[in-house]
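Here's the structure we're looking at; comments come further down.
Just so you know, these numbers use all the heavy atoms, side chains as well, and skip hydrogens, waters and symmetry mates. Chain naming here is simple, since letters A, B, ... match the order of the sequence lines and numbering starts at 1 in each.
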Amino acid sequence: MKTYTAGDVTLERVREYVWEIPREGKMGTPARVLASERLLSQISEDKTLQQLRNATQLPGVTKYAVCMPDGHQGYGFPVGGVAGIDAENGCISPGAVGYDINCGVRMMRTNLTMDDVRGHEEELVDALFDAIPSGLGGGGVVESGIDTVNEVLERGMAWALDEGYATDADLAHCEDEGVREESDPSAVSTKAKNRGKNQLGSLGSGNHFLEVQRVTDVFREEVADAYGLSEGQVVVLIHCGSRGLGHQVCTDYLRKIEKRHSGLLSKLPDRELAAAPAGSRLAEEYYAAMGAAINFAWVNRQLVMHRTREVFEDVFDRPWRTMGMELLYDVAHNIAKKETHVVRVGPEGRPVGDGEAVEREERELFVHRKGATRAFPAGHPEVPGAYLDVGQPVIIPGSMGTGSYVLRGGEASMELGFGSTAHGAGRVMSRTQAKKDYWGGDVREELEREHIYVKAQSGATVAEEAPGVYKDVDEVVRVSDALGIGDTVARTFPVCNIKG
DNA sequence: ATGTCC
């Protein structure tokens, strides 16, 4: 059997693009990396593989911990990691969701083409930058008080609908219709709410952005038709999360869980994997607080989209509905959710990997997706009606110089990754290193030569997000497609981009 | 990712 060794980790090649760290020692299950050899070598350069192996020690982890092709090191658990953990006898781990709860992406269609937009790029990027708050700290489309925040945390996009910021169609084309029902605003600290109350409708910083793009390629015509995508069409991609509110929720619960479940913590290989046992009060509270932050992020992206429609109305001087500005889909990539999956069970009733399994069973799991996108295939009941026959849209943002992809959930996603695929290109260079290698102004000029117009609050952010700091998104998507976990539907190229 | 340390 072909193997790949990086430091103290050896992976066995199960088949093309599937690598396995066999179960040994304290590992609860095997671990798997879904990658080409080139991507695996990039993944091996930081602590990703150690973190993935550590994750199999979380109590109740089933099948295998999985790393997607864009994986890299994160807080305790890889970005690009997926773990399906028994929701009855296992645990839930904030580090395996991430600090930016419900960080995610939405794509809005338009019926405009580049002929409509050409010559307006700079006007458009300026107008978007002026209208949509970005960067660190406060300022949002809506300035709200605690009461409004509580309603947003409770109701998600249903709140936006009632307030006139969303349409029924917007809700219908969002993962979970933009509402996590199992949410509890009272589980969210006042500190978190105070951080969030003036951030509703804001991009934030880092890799978050809003980008006007054109569709350059269509790979699966019948799926693209169902998604309303065609070559030359202009679309808008929005990538942001739950801002300071979600960050505070993660911080608050990490602290509480470390303290109250120190016994479990002492058995784990990394403090950053701190977890609350399923059924414990803190597990319930974290799940409900995370749900509230999830709702906050959906409203955040909705308000940014609402404001984008208004900007297009100003720039192109007609109502947004006449420009076909409909939500294609909104999908989270930092989330944990109770879902039912088929897992393999060993002779002692414990979830195991392929080799030891004696039977297959349906179990309710906390599916932790951190930097991984839900990718349910055609026919799955949670895929919206309009897309049921073709599969759930998966939106994979690339860098601001290379473009992005729309995929559809593939038939193999349930078996290989608990219904998930990649979430982006994935960094290959730290932010610190990026600022040494690049200068924001140069990056911006380089992009402008390719007719990509970038406007950012800070030149440092442009340097940190230079196209060269990312893995090859084409390669990430090629692997996803080849494995059948997410099938390519269309590719886009940037027109203008605003960021923190 | 993040009022990049209460």
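- For K47(A), the NZ atom counts as loosely surrounded, since its 6.0 Å shell holds 12 or fewer non-hydrogen atoms of other residues, nucleotides or ligands.
- In this structure, the CD atom of Q248(A) is 10 Å from the C1' atom of dT2(B), given to the nearest Å.
- What you find for L407(A) and G486(A) is that their closest heavy atoms are CD2-O, 3.5 Å.
- As judged by a 4.0 angstrom heavy-atom cut-off over every strand, S242(A) is placed among residues making no nucleic acid contact.
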Candidate pair D474(A) and Y405(A), rule side chain to side chain donor-acceptor pair (under 3.5 Å), full reasoning: CA-CA 9 Å; D474(A) 296 311; Y405(A) 279 88; 2.3 Å; yes

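- The CD-C1' distance, from Q457(A) to dT4(B), rounds to 17 Å in whole Å.
- In this entry the distance linking NE2 of H247(A) with C1' of dC5(B) reads 12 Å, nearest Å.
- Taking atom CG of N102(A) as the reference point, atom C1' of dT2(B) lies 16 Å away to the nearest angstrom.
- Counting non-hydrogen atoms under 4.0 angstrom, Q199(A) reaches the backbone sugars and phosphates but no base.
- Residues K191(A) and R255(A) both approach DNA chain B. Their nearest nucleotides, taken by heavy-atom distance, put K191(A) toward the 5′ side.
- The distance from atom CG of L254(A) to atom P of dC5(B) is 15 Å, rounded to the nearest whole Å.
- The distance between atom CG of D100(A) and atom P of dT4(B), rounded to the nearest whole Å, is 15 Å.
- Within 4.0 Å (heavy atoms only), G244(A) reaches sugar-phosphate atoms of the nucleic acid but no base atom.
- Rounded to an integer number of Å, the gap from NE2 of H208(A) to P of dT4(B) is 17 Å.
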